[in-house]
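One structure below.
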Amino acid sequence: MSLIDESGNEFKYHENNPDKGAFIINQENAVAGIVYVDLDEVPKNNYKKIKFGLGISQNAYLLGQNGQAEFWEKAKKESLTWSWAAGYIFVKLEGKYGTGSANTEFMNHTGNMGNVTANNTPDLYREVTLDLPTTARVSGTIKPSIHILADLNQYLSGETAISLSTANDMAMGSNQHLVNVTNNLINV
């Protein structure tokens, strides 16, 4: 996660350190529909943009056990690791769908399975940069709040229109359907 100031300078919050700079956003744990993430030790500045990743970057993943041990355990507890391959699940969407009534189960789990270069698989890590509607002014006494609302409809109707079917409703890993899902999700 990064905060970008009025001059375009970027404050990278624990870059490539998942133990301190990665967060799990689980809508099941929302309080009144909101998932809170607190950032400590943000330097005094006036920030105009926020940038965050969907998933864990390859740089962070390749730090290995020493560089991501705590976050790896958190991810395992949240079922955000593969049981059949190394790597993280980045986005886990599950539910039911159907034309007349929602009675067909679906599970779409996107993510990287280990080292994408070595495994010759698509890298599904994506970064999102958002302009803040007003300047977030951080000082010794002011800690502003940034509220991000997501439009999950983009999952199906984003850059690539997607219809769930028996061909893709149980997709896990990094196949083309999940590449399309990932590209759609950066616009939620």
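A donor-acceptor pair under 3.5 Å links the side-chain atoms of Asn184 to the main chain of Tyr155, judged by distance alone. A donor-acceptor pair under 3.5 Å is absent between the side-chain atoms of Asn17 and the main chain of His14, judged by distance alone.
For the atom pair CD (Gln154) and CG (Leu185), the distance works out to 9.0 Å, reported to the nearest 0.5 Å. Here the straight-line distance linking atom CE of Met172 with atom NE2 of His109 works out to 5.0 Å at 0.5 Å rounding. Distance check: Ile148 CD1 to Ile34 CD1 gives 12.0 Å after rounding to the nearest 0.5 Å. To the nearest 0.5 angstrom, Asp131 atom CG is 8.5 Å from Thr129 atom OG1. We find the CG-CH2 distance between Asn112 and Trp82 to be 9.0 Å, quoted to the nearest 0.5 Å. The CG atom of Asp19 sits 4.5 Å away from the CD atom of Glu70 when rounded to the nearest 0.5 Å.
Taking a cutoff of 4.0 Å between a charged side-chain nitrogen and a carboxylate oxygen, Asp40 and Lys143 qualify as a salt bridge. A salt bridge links Glu105 to Lys96: at least one charged side-chain nitrogen sits closer than 4.0 Å to a carboxylate oxygen.
Within a 6.0 Å radius of CD in Glu94, other residues, nucleotides and ligands contribute more than 12 heavy atoms.
Leu54 has its side chain out of reach of Phe90: every pair of non-hydrogen atoms, C-beta onward, lies at least 4.5 Å apart.
In summary, the side chains of Asn103 and Tyr97 do not present any donor paired with an acceptor at a separation below 3.5 Å, with no hydrogens or angles considered. With hydrogens and angles left out, the side-chain atoms of Asn45 and Arg137 include no donor and acceptor closer than 3.5 Å.
Using a 30° and 60° split on the angle between ring planes, Tyr61 and Trp72 fall in the tilted class, from 30° to 60°.
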